[in-house]
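Sequential numbering from 1 along the given sequence is applied to the chain's residues.
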Amino acid sequence: MDMNMEITDNVHYIGVNDRTTQLFEALWPLPAGVSYNSYLVTGSEATAIIDGVELTHAAQQIEAIKRVLGPGRKPDYLVINHMEPDHSGAIEVLRREWPELIIAGNAQTLRMVKGFYGAEGRTLAVRDGDTLPLGGATLRFALTPMVHWPETMMTLVEEQGVLFSGDAFGCFGALNGAVVDREMDCDRYFPEMVRYYACIVGRYGRFVQRALERLKDVDIKMLCPTHGPVWTERAAEVTGLYDRLSRYEALDDGVAVVYGSMYGHTERMAEAIAGELARQGVRNIEVLNASHTTLDVILAAAFRHKGLAVAAPTYSDGLFPPVAHALEALSVRCLAGRKVILAGSHTWAHKAVPAMKELLAGCDLVEVAEPVKALQAPDDDALEACRESARALAAALR
Ligand code: FEO
């Protein structure tokens, strides 16, 4: 994209799109790509790059910076809000281009700068609440740890209410020409925000809540995250969505039916559950075969819907691995507040449901029916037990 984009009089977008990487963090599919957002604040006295880009895109960022600043002018500061290498990977390249560039970050950030890149010297350690005047644009730093790493902070341009928020309020999806929400149809980014949140930030809900609490008195005119659009017109919608997700509030009364099945027997149980949920009036049902559905889709569905149904066979004296993987990921994210039903099948030893319970033990979930057990192929009684369980879940969701 044309990266030389003016966002305000003295803030330019200098980020990049990545439509090549298939798995973000080598884990999460990127069907619509991702942007690594970076910004340049130009004051009358000094200039600051806010966050970097991933290493292989460094040349594009440097070109954008040069185009904004013009001949003879150099960036003075690189403010690092977040050290994950999708934003910090190009630090050494920037330093080689501009050896006098001062890296500004908090104490943890500067330790990570040394640890990742061996970079020392020409650093500016900032603390919570510190300011850095650039001339007509004053940067104020707010430490917001664990959104998404311990060193994360946000930077506000005080005069303009422009907040560089790091991963908070970010989403998957590359930018398609425009950068600012008012210049695009940005509906497509909201499902990508739920998926991004569930995959990347989902474990750190209470820290997102702390950050939101800190921001509640800040007059934010423009929200500039490290991924996805810059938010102005829909900024309140974005902070509202992050607020709901970080409180583990479901976005609808639907159900994620997550199941695994080797030969189709447990699948019949999942289908019985889904069919009865639909008969009971549940309208938003996602039936997800854990063997064929990537983990990001399962996590996003579990965060989106108020109901969760899990059905899986026993496998090697435990739980069928794809379902175990999904439940472990939900447990890592401390999923809470969901109405849950469980169903397990087995051929000679019933281990699936106890393993499900063990995996979900750390989550604050409400099981609304006795788990269903099926021996070998589910008979009529077992399938009716699945329907009964689904009726209990539908009732709990009303
Ligand atoms: Fe976009 Fe946590 O890095």
Side-chain angles (χ1 to χ4, degrees), residues 1-3 5-7 13-25 27-39 51 53-54 57 60 86-87 147-148 162-202 208 220-246 249-256 283-288 292-306 333:
M1 66 188 299
D2 181 349
M3 297 171 299
M5 294 204 175
E6 188 176 276
I7 294 178
Y13 183 83
I14 52 167
V16 300
N17 280 318
D18 182 350
R19 295 191 183 85
T20 305
T21 299
Q22 298 208 11
L23 295 176
F24 186 78
E25 294 181 340
L27 285 170
W28 312 110
L30 293 171
V34 67
S35 67
Y36 310 118
N37 295 345
S38 175
Y39 306 89
D51 288 313
V53 298
E54 185 271 336
H57 295 79
Q60 288 179 61
D86 54 330
H87 311 295
V147 191
H148 139 235
V162 174
L163 182 73
F164 304 108
S165 59
D167 283 350
F169 316 122
C171 61
F172 290 132
L175 298 169
N176 297 289
V179 171
V180 183
D181 63 353
R182 62 172 174 252
E183 295 164 3
M184 66 175 84
D185 178 352
C186 46
D187 287 351
R188 75 183 68 173
Y189 290 100
F190 284 88
E192 283 294 83
M193 189 169 287
V194 176
R195 194 171 69 92
Y196 176 85
Y197 182 89
C199 295
I200 309 299
V201 192
V208 175
I220 301 169
K221 302 262 190 317
M222 194 167 265
L223 205 51
C224 300
T226 44
H227 303 288
V230 166
W231 301 100
T232 53
E233 287 179 344
R234 299 181 74 173
E237 208 176 321
V238 169
T239 54
L241 180 56
Y242 262 75
D243 183 32
R244 292 178 72 183
L245 290 167
S246 59
E249 183 183 313
L251 304 182
D252 63 41
D253 290 341
V255 178
R283 288 291 170 261
N284 207 343
I285 304 167
E286 285 190 77
V287 181
L288 303 166
H292 295 276
T293 309
T294 49
L295 185 59
D296 56 311
V297 174
I298 295 173
L299 294 178
F303 270 82
R304 185 176 295 114
H305 305 306
K306 193 171 170 185
R333 285 155 183 78

- Quick one: list whatever passes side-chain contact (heavy atoms from CB on, under 4.5 Å) with T239, sequence neighbours left out. F169, L212, L223
- Message: On a heavy-atom basis, which atom in M184 and which in L175 lie closest, and how many Å separate them?
- Response: CE-CD2, 4.4 Å
- Item | D187 to R234 - nearest heavy-atom pair and separation | OD1-NH1, 2.6 Å
- Does some side-chain heavy atom of F24 sit less than 4.5 Å from a side-chain heavy atom of H227? yes
- Query: So do W231 and M222 actually touch side chain to side chain, heavy atoms under 4.5 Å?
  - Reply: no
- Query: How many angstroms lie between OG1 in T294 and CG in L27, if you round to the nearest 0.5 Å?
  - Reply: 11.0 Å
- Message: Restricting to non-hydrogen atoms, name the atom on V53 and the atom on S38 that form the minimum distance, rounded to 0.1 Å.
- Response: CG1-CB, 4.1 Å
- Are any side-chain N or O atoms of N37 and backbone N or O atoms of P225, one a donor and one an acceptor, separated by less than 3.5 Å? yes
- Query: Could you give the distance from CZ (R195) to CG (L299), rounded to the nearest 0.5 Å?
  - Reply: 10.5 Å
- Would you indicate whether the side-chain heavy atoms of E25 and I200 approach each other to under 4.5 Å? yes
- Message: Any heavy-atom pair between the side chains of T226 and D86 that's under 4.5 Å?
- Response: no
- Are any side-chain N or O atoms of Y242 and backbone N or O atoms of G170, one a donor and one an acceptor, separated by less than 3.5 Å? yes
- Task: Check whether any side-chain N or O of D181 sits under 3.5 Å from a backbone N or O of T232 as a donor-acceptor pair, and report yes or no.
- Result: yes
- Item | side-chain contact (heavy atoms from CB on, under 4.5 Å) involving A301 - partner list, sequence neighbours excluded | A256, E286, L288, H305
- Query: Which atoms form the tightest heavy-atom contact between C224 and V230, and what is the distance?
  - Reply: SG-CG1, 3.9 Å
- What distance separates R188 CZ from N176 CG, expressed to the nearest 0.5 Å? 5.0 Å
- How are the rings of Y36 and H57 set relative to one another: parallel (under 30°), tilted (30 to 60°) or perpendicular (over 60°)? perpendicular
- D167 side chain to H148 backbone, donor-acceptor under 3.5 Å: no
- Message: Quick check: Y197 with W28 (ring centres under 6.0 Å apart)?
- Response: no
- Query: Got a second to check how far D253's CG is from K306's NZ, nearest 0.5 Å?
  - Reply: 5.0 Å
- Message: Using only atom types and a distance under 3.5 Å, with no angle test, would you say the side chain of R333 pairs donor to acceptor with the backbone of C199?
- Response: yes
- Minimal non-hydrogen separation, E183 against A178, with atom names: O-CB, 3.5 Å
- Counting distance only, does the side-chain N/O of R19 pair as donor-acceptor with the main-chain N or O of A32 below 3.5 Å? no
- Distance-minimising heavy-atom pair for G228 and S35: N-OG, 2.9 Å
- Looking only at atom types and distance, does a side-chain atom of D51 sit under 3.5 Å from a main-chain N or O of Y39, one as donor and one as acceptor? no
